[in-house]
> 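Quick one: structure below, then a few questions.
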Amino acid sequence: MLSAAFNVNGMLWRTSPAATELETVVMDWLRQLLGLPEGLFGVIQDTASASSLVALAAAREAVPGLDARQRGLVGQARLRAYASEQAHSSIEKAAIVLGVGQEGFRKIPVDDEFRMDAAALDHAIAEDRAAGWTPFAAVATVGTTSTTSVDPVPAIADICERQGLWLHVDAAYGGSAAILPECRHVLEGCERADSLVMNPHKWLFVPIDLSAFYTRRPEVVRAAFSLVPDYLRTPEDGLAPNLMDYGVSLGRRFRALKLWMVLRAFGREGIVERLREHLRLARLFREWVEADPHFEIMAPTPLSVVCFRALFPDHDDEGHDRLNDEVVEAVNATGEVFLSPTKLRGRTALRLAVGNIRTEERHVRRAWELLSEAAAARRP
Ligand SMILES: Cc1ncc(COP(=O)(O)O)c(C=O)c1O
């Protein structure tokens, strides 16, 4: 409410020094909480989709001799970016927006735990180079949307270094886990990434929207985006950051205040306590599913999302898909809980995601009751 009511526009340092300064401060606090290296440049974007678009635009800017900013892409080398087949659609969308195109985006297969197969990435890059493509970026996901799987970032970083690709990490949801000492490993290798996004509006209790974008190479991001007409020049140029230089939009809301509020209100301990409880609730739900012969688990549960489905005797895969779709619709129609399904290896999986600051054990228990009832109603 305050952030909206102050009606600050932080496009330039001069238009709201406080908004820019506070953004710098809170992004550094968050960096420390996540255990990311000192010296990373952080800037707030509206969404992870925008952050990943900025990352891939910077990756394109970094391709030697391309100068897409000046010359566009027509008649130029054909660029290719890579992410796992479980990566969020925002990565492919960024490729579309940047003129790389869907053909310039290659999906890399995953292993049986839905993590990118790093050897397959290496192979794809070599194959594409031989076929005349210019590989330029790879995106690793820490906490995929469907199952929260974590790609092997250290191995992907090795490949990117060797092959000269920009490494972007999409930790939009999963990054928050690194605040817990016992989960710090989820960001292992990310200190080598050229850029990384994590979303405090996903699993860090900040009201939407607020996406934290970090980069080791702010000068490349700036080279991709900075365009300063006469009416935006100020005496502070070159002395203080103008955050409009690090993304698409000129006008910028006072989002930093929302993150400041959450960090100050809960502190590290308060955040750790709540995230840990979410992980406990997810494990608890998983135990209920595992113990019930009428349900089965569909994927590992590294973080706070459980993928599962109800089982129906005498039904084939299509029958299971149809009935599980019905179950989730029936449960959602109660208005008490809301789950969204996904497809895993072609089959419908239901997802119970714990991440809201108000979610308690009684809510998870109620979700399980509703699911059990809806599934039982569809068995003979
Ligand atoms: C891994 C991942 N990346 C990116 C996104 C997109 O986030 P946003 O809505 O902030 O663009 C999501 C949303 O579900 C996600 O799970």
Side-chain angles (χ1 to χ4, degrees), residues 27 30 34 42-57 59 81-98 105 107-108 110 113-116 137-153 156 167-178 183 186-187 190 193 195-215 246-249 252-253 255-256 258-259 262 275 278 282 299-307 338-344 349-356:
M27 286 296 280
L30 181 62
L34 297 171
V43 60
I44 296 174
Q45 310 282 354
D46 54 1
T47 58
S49 304
S51 292
S52 292
L53 175 68
V54 168
L56 290 190
Y82 305 83
S84 95
E85 57 196 20
Q86 290 288 319
H88 189 263
S89 54
S90 54
I91 309 303
E92 186 168 351
K93 199 180 267 189
I96 296 170
V97 173
L98 290 167
F105 174 68
K107 293 184 184 174
I108 304 299
V110 292
E113 294 192 13
F114 304 100
R115 301 169 297 199
M116 186 196 285
V139 180
T141 310
V142 170
T144 55
T145 313
S146 283
T147 75
T148 77
S149 60
V150 177
D151 285 343
V153 180
I156 297 169
L167 172 59
H168 174 58
V169 175
D170 178 358
Y173 154 78
S176 299
C183 296
V186 297
L187 289 185
C190 291
S195 56
L196 176 143
V197 55
M198 74 78 70
N199 269 6
H201 78 215
K202 285 207 192 309
W203 193 22
L204 202 57
F205 321 132
V206 175
I208 194 164
D209 50 10
L210 199 156
S211 177
F213 174 75
Y214 290 101
T215 181
Y246 301 91
V248 175
S249 41
R252 311 183 76 257
R253 305 171 52 211
R255 295 189 180 91
K258 302 195 289 182
L259 182 55
V262 165
L275 295 178
H278 287 174
T301 308
L303 299 172
S304 69
V305 176
V306 185
C307 296
F338 187 86
L339 286 86
S340 63
T342 190
K343 291 276 181 196
L344 295 176
L350 311 185
R351 297 157 66 251
L352 182 108
V354 185
N356 190 284

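All residue numbers in this chain count up from 1 along the given sequence. Both ligands and their constituent atoms are indexed starting at 1 by order of listing. What you are looking at is a predicted structure, and each value in this text was computed from that prediction instead of being measured.
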> Should the pair F205 and H278 be assigned to parallel (<30°), tilted (30 to 60°) or perpendicular (>60°) ring geometry?
perpendicular
> Give the intermediate values and the outcome of side-chain contact (heavy atoms from CB on, under 4.5 Å) for residues V43 and M27.
CA-CA 7 Å; V43 60; M27 286 296 280; 5.5 Å; no
> Let me confirm one number: the CG-CG distance from L196 to L34, rounded to the nearest 0.5 Å.
8.0 Å
> Before signing off on this row, confirm whether S49 and ligand 1 have an N or O atom pair separated by under 3.5 Å.
yes
> Which ligand 1 atoms, with their elements, are less than 4.0 angstrom from a heavy-atom of H201?
10 (O)
> Which distance, rounded to the nearest 0.5 Å, do you find between the OG of S49 and the CD1 of I91?
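It is 8.0 Å, given to the nearest 0.5 Å.
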> Can you tell me which residue and heavy atom of the protein come closest to atom 8 (P) of ligand 1, and the distance to 0.1 Å?
A48 N, 3.6 Å
> Does ligand 1 have a heavy atom under 4.0 Å from the side chain of V197, from its backbone, from both, or from neither?
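Answer for V197: neither.
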> Is A172 in polar range of ligand 1, meaning some N or O pair under 3.5 Å apart?
no
> Considering only protein heavy atoms, which is closest to atom 14 (O) of ligand 1, and at what distance to one decimal place?
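Of every protein heavy atom, K202 NZ, 3.6 Å lies nearest to atom 14 (O) of ligand 1.
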> Starting from atom 6 (C) of ligand 1, locate the nearest protein heavy atom and write down its residue, its atom name and how far away it is, to 0.1 Å.
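Nearest neighbour among protein heavy atoms for atom 6 (C) of ligand 1, to 0.1 Å: H88 CE1, 3.3 Å.
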> For ligand 1 and D170, I'd like to know whether there is a polar contact (N/O to N/O, distance under 3.5 Å).
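There is such a contact, yes.
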> Could you tell me the separation between the CE atom of M198 and the CG atom of L187, rounded to the nearest 0.5 Å?
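The CE atom of M198 sits 8.0 Å away from the CG atom of L187.
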> Test side-chain hydrogen bond (donor to acceptor under 3.5 Å, both in side chains) on S195 and T215 and set out the steps.
CA-CA 4 Å; S195 56; T215 181; 5.4 Å; no
> Ligand 1 and T145, any nitrogen or oxygen pair closer than 3.5 angstrom?
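Min N/O separation from ligand 1 is below 3.5 Å for T145.
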> For G143, counting its heavy atoms only, list the atoms of ligand 1 lying under 4.0 Å from any of them.
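Close to G143: 1 (C).
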> So is S90 close enough to ligand 1, meaning a heavy atom under 4.0 angstrom away?
yes
> Checking S149 against V110 for the side-chain contact (heavy atoms from CB on, under 4.5 Å) test, could you report, in this order, the C-alpha distance in whole Å, the side-chain angles of both residues, the deciding distance, and whether it holds?
CA-CA 10 Å; S149 60; V110 292; over 6 Å; no
> Tell me, please, which residues at least two apart from A59 pass side-chain contact (heavy atoms from CB on, under 4.5 Å).
F136, A137, W166
